[in-house]
Every structure is written in structure tokens, then in C-alpha cells.
A.B. asks: 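Dropping a structure here in C-alpha cells format, bear with me for questions.
All chains are named by letter (A, B, ...) in the order of the sequence lines, taking the proteins before the strands, and each is independently numbered beginning at 1.
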Amino acid sequence: MSQTNASDRAHLLGQGSGCALGEVRELTCLAPKDHGQLAEVLGEARRRSFSVLPIGAGSQLAWCRPDAIDDPANAPIPISLMHMAGVLEQIPGEGTVTAQAGTPWCDLAQAVEQSGECLPADLAGATTSTLGGILAAGRSGPNRLRHGPLRHHVLGMQVMLSDGTLAKSGGRLVKNVTGFDLHRLYTGSRGTLAIILEASLRLKALPEREWSFSMPVADCASGFTKALEIQQAMPRLHWLVLTRTQSGVRLQGGLAGRASQVRSDQERVLRALGGTPESFDGQAPTERKRLGEEGAENRHAWEIGSPLTHCAELLGILEAQLPTETKLWVDCGAGRILVGPAGDATVTEKPSWAETIGAEATSLRPLCVHRHLHAQWTGSNPSPTQTNWQQRLTCGLDPAGIFSMTLDPGKAPA
Amino acid sequence: MTKNWIDELRTIVGPRNVITGSESLAWESDGLSLVRGMGQAIVLPLDTEETVLVMKLLAREGVPVVPRGAGTGLTGGATPVEGGVTVGTARMREIFSIDPVGRLAHVQAGVVNSDLSVAARPHGLFYAPDPSSQAACTLGGNVANNSGGPHCFMHGSTTRHVRGVKLVDAQGQVLDLLASPADPEGLDLVGLITGSEGMFGMVTEVQLNLEPLPEEVQTIIAVFPSLDAACDCVSEAIAAHIEASAIEILDKLTIAAVEDSIFAAGYPREAEALLLVEAEGGALEVQETIDLVLQLAKKHGAMEIRSAQDKAERARLWAGRKGAFGAMGRVAPDLYVADVVAPRTRLREIVALAIKIAEERNLRLGNVFHAGDGNLHPNIAYDRRDEDEVRRVLEAGQLIMEACIERGGSLTGEHGVGVEKMTHMCDLFDDDDLNTMHRVRDALDPKRRMNPTKVLPLRACREVRNGGLPFSPMGNLGAKT
Ligand SMILES: Cc1cc2nc3c(=O)[nH]c(=O)nc-3n(C[C@H](O)[C@H](O)[C@H](O)COP(=O)(O)OP(=O)(O)OC[C@H]3O[C@@H](n4cnc5c(N)ncnc54)[C@H](O)[C@@H]3O)c2cc1C
């Protein structure tokens, strides 16, 4: 591996491949314009044994910037797909959209709205994020409570492997079981297997009406118990989020769909909530977006997964352990807890509370993983067989190992 | 030599649970009776532990493994076309737990689909994917095939409902992905395994999402003077973003077969096509959905529209629909069930083409399909003993697939590729696509012992072009060169 710094290596890759350089969030990156250029860049990276990191607009990089890792000489060179953008197909009446990976999520949302449809994940905070970046990061929105996670709505993909192979899986129609669902494997793989070039998504009907509520609760544990009660009372809730900020703990949720149904359901939710929650009609989308932005991964340090049955208990433990100024953002539908940093400290080591949450949590993931953290990582490690499968898949699809400078534990070949 | 390891299998699972010789005839095919194969034995482990021992033994002996659930698959997926040992889940029938708070079920792979909904009901929950074979097919088989069903129009196919699996791989290693968080930690192996048609290992346990029972359900049938009109009605409903839970179409031949069978549902025999629509959810949204269907059905010339008056009538309407494949047994002894996907904007065109293709070959074709998803099932009734008819059936099946693919459709919406459609993978994918799938397979099962000769042509498309696949009932007819 070369000892030159990342920017120098990016220049070398650019010269060798004929690909222009760009800058994303102050990082020098390769910015290929088409498949041909991308294949050239990958070829050059293979020849020079340089690690590369596929990125979109870099919106997920706040906590895992390649230039922040311990060993800058081995930092991966970002390749941004920003210039490979645009909707490729949206046939009115099919309920699907296919777009290039570099397409900004908000542009895609706007394009599909014109035909009375919306994207299947509510990623309100993702104003700059690209389709490819969102899929590679495995993100979902709070409306997964109603629609399930975004990965369930990915119908097909085209990717480029590290050896330049272009490969498709799935298709563009709403139903299809032809061949292995490799697009499910690429979704959430954080660029460790292949570069996503285009993806097809299933769309949802644009709701006629939205409504949301917000109410203070005593603490997160009791708030979560309340959230479960509300879900029981109203199975059509679209999202339900619990937040702990400087100004207290709040339970917030929303409905969307047919206007008449939403009106009737909101009455039921208000009855089930009791007390005097704030209620939002016209303002509901703005409130939802604000909350989405608050829940952006890059504003948090840790992500904890928990079975719904244990979540209240786990939140109780966390509340007892964490300094009061530490923010919490809980997606009640998924049992997903985001723990904000206390102040702006960079996460470099395992927090003291990690051991105490033990059995209640199914996963604990730093949203920023520094190289040296891998070694000492003893959180909810995957089983040896799981790790082994992940390594075999990584090596099978990227034998040259140029995507293997992973920023996620458990994926890099040992 | 052979006898020794089969005896060892008997020691692991008990002598009654290893089936060999003439007793294994019942296992020589699945629902695609055109393809048959005999392996060395069928073995029925009780649980994950026994499966591990079985798989380790078969790995030691280098024997191919064919996973099998209830054998209701329609593409030869569970048929041992290359010999080996069939490992079945017939004894893995336990529902371990139902968690009403997390809305999750933990079951063994051999649990029958409809049994799960029965068990979940007292908790106010149900399991949404409902293949028409749900009274027989297993949840492990559903996971392997990523099966669909009428209500998958709203709820999505099996993959959207699988939260975790426990799998024993070709070497006998256990991959336990049961207590997974809502988002996978690392790669989404559950998503990869679902729909992999038994090629990555034996699924022994599954964790599935359950849904709350709907507050309100309404079911209607609309009688159309032509299949074209019914298809157009569906295409327009989809364009209007209809939020029904199921949208099915049955044609005249199918209606007659159903009405003549034990599944008789009271469908009007005079109908050229019947649209069966169900909506579920809150009372107001359900009513709006049904109103939209009524409006569109009338616009497209529906002669009669009828609502199910009670649960019993709704159940009868669905029993007719779900019994349709079986009822076709009255038309001829064998049934070729095609499974293709059409763009939903081109339903009428592709259904009409399928009919024309069958007519030109003097074949009896019935259509019963998941219209809302564009998932067509042109079913051809035939007699396996009539060689020429078999040839015409296969040719028609092939032309229908090609017509669909040429118009932007897909090879299979829910039944999988199995042996049946392996050749046609090259119509939809190129060498690089298929070799990438091979790379994934080889990473997980380098000796290719799990369910060999299924889904992927051995050497991608070259094999198809250079002389064909040994076990495809379709041979190389129609494969693109
Ligand atoms: C009358 C009828 C109606 C049908 N209707 C529908 C429908 O509406 N929708 C639909 O999608 N399908 C339908 N099918 C097809 C079939 O029922 C489904 O594909 C079903 O999921 C197969 O389940 P099975 O238990 O019978 O699996 P099998 O047929 O035994 O096996 C199917 C495939 O799964 C693999 N497999 C089975 N069990 C396991 C396991 N535990 N681990 C790993 N691999 C395994 C096998 O190797 C094979 O490749 C229908 C079939 C019939 C006969």
C-alpha cells in the first residue's frame, strides 16, 4: 500500500483513469461521469492496490470520514456517484421508479410526487443524500412502522463490482422472484461489496392528509410503554418517535392516508393518549420533517437495536446511565435507539454504558467507526458463522479487496 | 459403501425417518410433475440439531442435498434431478412462540403456512402471505421461494415478512439470524437467503412478522363480459393508486372448473371474467376503496357486482379462488401452471397473447391470477400421456414467458425458477449477471452441493447456447442465441 496521502492518491487515480476529481464535504474524490470512467477508476485502483470508498453526496460521512481514520496512508479514496444521476424510468400506472444512484433523494421524491406517488421511506432529513448512498447505508424512515424498512421496497439494482463487472439483479416491476435477491445484499452493505449504479423502488400513493401529535412524557421508559399502547389502539399509525432533548422527553407520532380515515383515526389516537397533546394538521408534514432531521444518523454516535418487548427496560437502563444532556431518538416501530453524543465529542471508544445494556439489546453499533475501534470491539458481535459468511461474500464479490477498507465492523476480511 | 452412510443417517434421525426404494416414489417430483428424479434417500430430521448431523454427514460423503418442504412447488425446485439426498422438514412442525408485543412468530420450517395464522388469531394477529397452497405448503418452502399470494398485493411477498432465519449450511454449520435487530447488523443475509430456492442451506427455523387482524374487510366480485374489460379495469385501478388488499381475476374456464368442484363458490357461470377484490383496514378507507372499484367496474362494463354479505360468504369466495388450480383437475389430468409478471399497464395485451398462443396450439388455457401485481398464471390443462400435447404445452409456456419478457415483464412472480425456468434466465439476465449470482453461491457453497441444477445454468448462458441443460423440461426451445 502506498504511503502517499489520500489526496495525492486520488490524483494518481484520476491521472491513471482519466477521471475528473471533485470535492465532497472537503474530501477530494473521483467523480466519474459514466460507467466507462468508473470502470477505469476501479481498474486503476486495483492496479495500485488503493482502497476506494463509494459515496454519494457524502451526507453519511460526518462520523466516518475516511480522512479521520487512524492510518491516513490507508484511508480509502472516495468515488462519488454524484454525476451519475437522473430518473431512468417512471411509467405512470406501474407504481415504480428506476433512477441512477447519484440522484438526490429529494429530486426523486419530487419527480414521483408529480404522478401522485411518494417514495416508500420518509427520509425527511435527507435533503442532500443520494439514492445510492441511502440504499448503501441501509437507511429507513420512521414510516417503516406502516410500510416496513426501505430495503423491502427495493425491486432491483444494477451494480459495478470491483473488477468492473456490471451486474443486475431483480427487475423494475412490483413483483419478481427471478434469481437471487442480490439487491437485498447490496442494500445496507455500505459500499463493501459493489458500487450501486441504479435502483428500482416500489412507490406508495401520496397521502391525502397527514396529522401528527406531540406530547410530553415523564421519561423514555414510560414513553415507550405508552407508545406500545397507542400502537395497540391504532394499528394504522405511520410513525411513532420518542425523543429526549434538553427540553424534555416527548412522544410524537403521525397518521397519513385517506383524509376521512385520518380524521377518524386521529380522534382515536387522541383518546388513547389522554392528557393534552399538541395536534398538528396543516403543519404535520413540517413537524415530521423536523423530527426526521433530528433523527439523522450523522447527529448521533450510537445505534442500539432492541426487541420491542425489551425496549422500555433498555431505555430505563440508558436513562439511568447517560448524562442528562445526552440526546435520545427512538423509532418506536423498529426498536431502534439513536444515542446522541454528549457535546460534540468524536466517538473513539466504547462507552461505559455499553456493558450494562447487555441482554436487552440485539445490537450496538457506533455510527462512526474508527479503525482502532474494530480491534477492541466486543459489543454485540455477530456469530462466527455470520462473520464467516460476510467475509466469504466480501471476498467472493471483491477478491481484489479494494472495497474492503470497510468502516463497519464484521465485514472486512480478517 | 452407500449403505453405510444411509445407515448412519438412520442412526441420526431414526430408521422410520429415512425413506429409500419404492417408498420414495411419492417424493420423485413436486407440483411440476413433468420433471422427476430419484435420489438415494429422503431424510426427515426433527430439528436443527439433527439437521446439523445430517448435513455434516452428507458433506463428508460429498452427497448433493435437496431441501424439501411440502413439495407443492411448481417449478421442480424440490425434485432431486441430480440424485443425492432430499432433506425434508415434514417433522419440523413446532410453533415455538408468538410474541404479541413484538408481533413476531418463531416457528420450525416445516410448519404449514395456514397453521401460523390459526395460532396467531387469539392474539389478534395473522401471517399475511397467503399462497393459494397455504393449507399444505410450509413456511420454510415459502421462505425459499419468496412466495406470494393474493393478499401480497397489499402486504408484499414473503421477504417482507421474514425477520430472521436459522439455517444449516452445506457444511453443517449453523447460521443463526433469529434474534436480529430490525435492521441487519452487517450484511442482510436474511434478505439474501429468502428466495434463494434452497441453494444456500437448509432453513430449519424462521422468525416471521405478524400483522394485526384488520378492523374492517370487504370483498366484492364484479362480473365482466370480457377478460379484456376486467384487465383494463385493474390497470386503471392501479393507475388510480387503489389501496385494496387483493385484486384477482378468474376467467370463464376457471370459473366453470371451480363451480364444478368441491370449491364451488357461487361464481356466476355466465361471466367471461370475474374480478375478485378485497379491501382491508379502517372502515372509511375500505369503503372508499370499494367505491372506487365499483365506479371503475361499472365504467368498464361490469354486468353484475356483488358484495360478500358475511364472513362465510367471503370465505367461500376465497376458497373458490384458492382451490382454482386443484379444480382445474376436472378439465384434464395434468396442469401446467405458468407464472409470469406483466407490466401492470399492459395486462390486457399479455393476457390476450397468452390466450392466442394456447388457441393456436389447440390447448385449453385457464387464467386465474394476481392481477393487481401483474402476476399472471396462464394454466394449461393437459394429459401427460399425450406426448404431442406435452410438446405443445411446453412450447406455449415458453412463448408466453418470452412475450412477457419482451414487453418488460419478468420470468416469475412467486413460484421461483427451479428447474423449469433455468434456461430462460438467459432471456432476462446476461452472463455477467448470472456469473455474479454464481460468485455469491460459490462463496457460500463452493462445492455446489445445495440443490444442484436449479435456478442458475451451470456456466451461465454459454451452457444454454452450447447445447442445453440436461434437466430442463423445456430443453433449449426458444432460448436466445
Ligand atoms: C395448488 C397450488 C397453489 C399455489 N399457489 C401459490 C400462490 O398463490 N403463491 C405462491 O407463491 N406459490 C403458490 N404455489 C407454489 C408453492 O406452494 C409455493 O412455492 C410454496 O412456497 C412451496 O412450499 P413447499 O413447502 O411445498 O416447498 P417445496 O415445494 O417442498 O420446495 C420449494 C423450494 O424450496 C426449497 N425448500 C423447501 N423447504 C426448504 C427449507 N426448509 N430450507 C431451504 N430450502 C427449502 C426446495 O428445495 C425448493 O426449491 C402453489 C402451489 C400449488 C400446488
Side-chain angles (χ1 to χ4, degrees), chain A residues 91-95 116-117 138 140 148-149 151-152 161 165-169 171 173-182 184-185 187-189 205 228 235-236 257-258 260-261 264-265 305 307-309 334-336 362-363 365 380 382-383 385-386 389-390 392-393 395-397 408 410-411, chain B residues 99 101-102 145-146 148 156-157 159-160 173-177 179-189 191-192 194-196 212 235 238-239 241 243 281-282 284-285 288 341 343-345 373-375 409-414 416-417 425 428-429 432-433 436-437 439-440 442-444 455:
Chain A
I91 303 171
E94 284 300 339
E117 288 160 314
S140 286
R151 65 180 187 279
H152 287 177
L161 302 182
T165 302
L166 278 174
K168 303 188 287 299
S169 66
L173 299 180
V174 289
K175 200 170 178 193
N176 183 14
V177 297
T178 317
F180 301 149
D181 279 359
L182 298 189
R184 283 291 296 272
L185 194 59
T187 304
S189 69
L228 290 179
R236 285 181 292 283
R258 296 260 174 205
S260 59
Q261 190 66 53
S264 140
D265 288 350
L308 298 185
T309 32
R336 177 170 174 265
T362 43
S363 68
R365 185 165 73 93
S380 51
S383 70
T385 314
Q386 190 177 347
W389 271 50
Q390 306 207 16
R392 277 147 70 179
L393 288 165
C395 296
L397 290 177
D408 230 11
K411 283 182 195 161
Chain B
D99 163 9
V101 177
N145 278 358
N146 187 10
S157 298
T159 191
R160 274 165 66 180
Q173 298 299 317
V174 178
L175 178 68
D176 185 346
L177 302 170
S180 305
D183 290 321
E185 210 182 352
L187 301 178
D188 183 7
L189 300 178
L192 174 69
T194 307
S196 62
S235 291
I238 301 296
H241 313 301
E243 293 186 315
L284 296 167
E285 62 187 356
E288 283 192 32
V341 191
R344 298 187 290 183
T345 43
D373 283 321
N375 188 184
S410 177
L411 212 49
T412 162
E414 54 180 21
V417 176
M425 287 292 274
L428 207 57
F429 295 115
D432 284 343
D433 304 330
T436 304
M437 294 185 197
R439 279 161 78 165
V440 168
D442 290 343
L444 303 177
V455 184

A.B. asks: If you count heavy-atom pairs under 4.5 Å with chain B, which of A:V174, A:L166, A:T187 comes out on top?
C.D. replies: A:V174
A.B. asks: With only heavy atoms counted, which part of B:T345 is less than 4.5 Å from chain A, the side chain, the backbone, both or neither?
C.D. replies: both
A.B. asks: Test B:E288 against A:Q261 for side chain to side chain contact (heavy atoms under 4.5 Å, CB included), laying out the working first.
C.D. replies: CA-CA 9 Å; B:E288 283 192 32; A:Q261 190 66 53; over 6 Å; no
A.B. asks: When heavy-atom pairs shorter than 4.5 Å are enumerated against chain A, which of B:I238, B:V417, B:L411, B:D183 gives the highest number?
C.D. replies: B:D183
A.B. asks: Calculate, to the nearest 0.5 Å, the distance between atoms CD and CD belonging to A:E94 and A:E117 respectively.
C.D. replies: 10.0 Å
A.B. asks: Taking the side chain from B:S235 and the backbone from B:R344, do they hold a donor-acceptor pair closer than 3.5 Å?
C.D. replies: yes
A.B. asks: If you count heavy-atom pairs within less than 4.5 Å of chain B, which of A:L308, A:T165, A:T178 leads?
C.D. replies: A:T178
A.B. asks: If I measure from the heavy atoms of chain B, does A:P307 come under 4.5 Å with its side chain, its backbone, both, or neither?
C.D. replies: neither
A.B. asks: Sequence neighbours excluded, which residues qualify as side chain to side chain contact (heavy atoms under 4.5 Å, CB included) partners of B:N375?
C.D. replies: A:K175, B:D339, B:V341, B:H370, B:D373, B:H377, B:E414
A.B. asks: Is it the side chain or the backbone of B:P343 that comes within 4.5 Å of chain A heavy atoms, both, or neither?
C.D. replies: both
A.B. asks: Is a side-chain N or O of B:R439 found less than 3.5 angstrom from the main chain of A:G396, in a donor-acceptor match?
C.D. replies: yes
A.B. asks: State which residues pass ring-ring contact (aromatic ring centres under 6.0 Å, His included) with A:F180; sequence neighbours excluded, sorted by chain then number.
C.D. replies: B:F200
A.B. asks: Quick one: of B:G282, B:G102, B:S410, B:A239, who has the most non-hydrogen atom pairs under 4.5 Å with chain A?
C.D. replies: B:G282
A.B. asks: Are B:P184 and A:R151 packed together at the side-chain level, in the sense that at least one heavy-atom pair is separated by less than 4.5 angstrom?
C.D. replies: yes
A.B. asks: Out of A:G305, A:A167, A:A334, A:S264, which one racks up the most heavy-atom pairs below 4.5 Å with chain B?
C.D. replies: A:A167
A.B. asks: For the candidates B:D188, B:L192, B:D442, which exhibits the highest count of non-hydrogen atom pairs separated by less than 4.5 Å from chain A?
C.D. replies: B:D188
A.B. asks: To check you understand the geometry: which heavy-atom pair defines the closest contact between B:M437 and A:K168, and what is its length?
C.D. replies: CE-O, 4.1 Å
A.B. asks: Looking at B:V440, B:L189, B:L444, which one has more heavy-atom pairs under 4.5 Å with chain A than the rest?
C.D. replies: B:L444
A.B. asks: Given that the side chain runs from C-beta out, which part of B:D99 has a heavy atom under 4.5 Å from chain A: side chain, backbone, both or neither?
C.D. replies: side chain
A.B. asks: Which region of B:M425, side chain (C-beta onward) or backbone (N, CA, C, O), has a non-hydrogen atom less than 4.5 Å from a non-hydrogen atom of chain A, or is it both or neither?
C.D. replies: side chain
A.B. asks: Determine the option with the most heavy-atom pairs under 4.5 angstrom with chain A, choosing from B:N145, B:L175, B:V101.
C.D. replies: B:L175
A.B. asks: Quick check on B:V455 against chain A: is it the side chain, the backbone, both or neither that has a heavy atom closer than 4.5 Å?
C.D. replies: side chain
A.B. asks: Restricting to non-hydrogen atoms, name the atom on B:S157 and the atom on B:G148 that form the minimum distance, rounded to 0.1 Å.
C.D. replies: OG-CA, 4.2 Å
A.B. asks: Let's test your reading of the structure: which of A:L161, A:L228, A:I91 forms the most heavy-atom pairs below 4.5 Å with chain B?
C.D. replies: A:L161
A.B. asks: With respect to chain A, which residue among B:L284, B:D433, B:T159, B:D432 yields the maximal number of heavy-atom pairs within a distance under 4.5 Å?
C.D. replies: B:D433
A.B. asks: Is A:L185 close to chain B through its backbone or its side chain, or both, or neither, when contacts mean heavy atoms under 4.5 Å?
C.D. replies: both
A.B. asks: Do B:L187 and A:W389 touch side chain to side chain, with heavy atoms closer than 4.5 Å?
C.D. replies: no
A.B. asks: Are the side chains of B:V174 and A:T385 in contact, using a 4.5 Å heavy-atom criterion?
C.D. replies: no
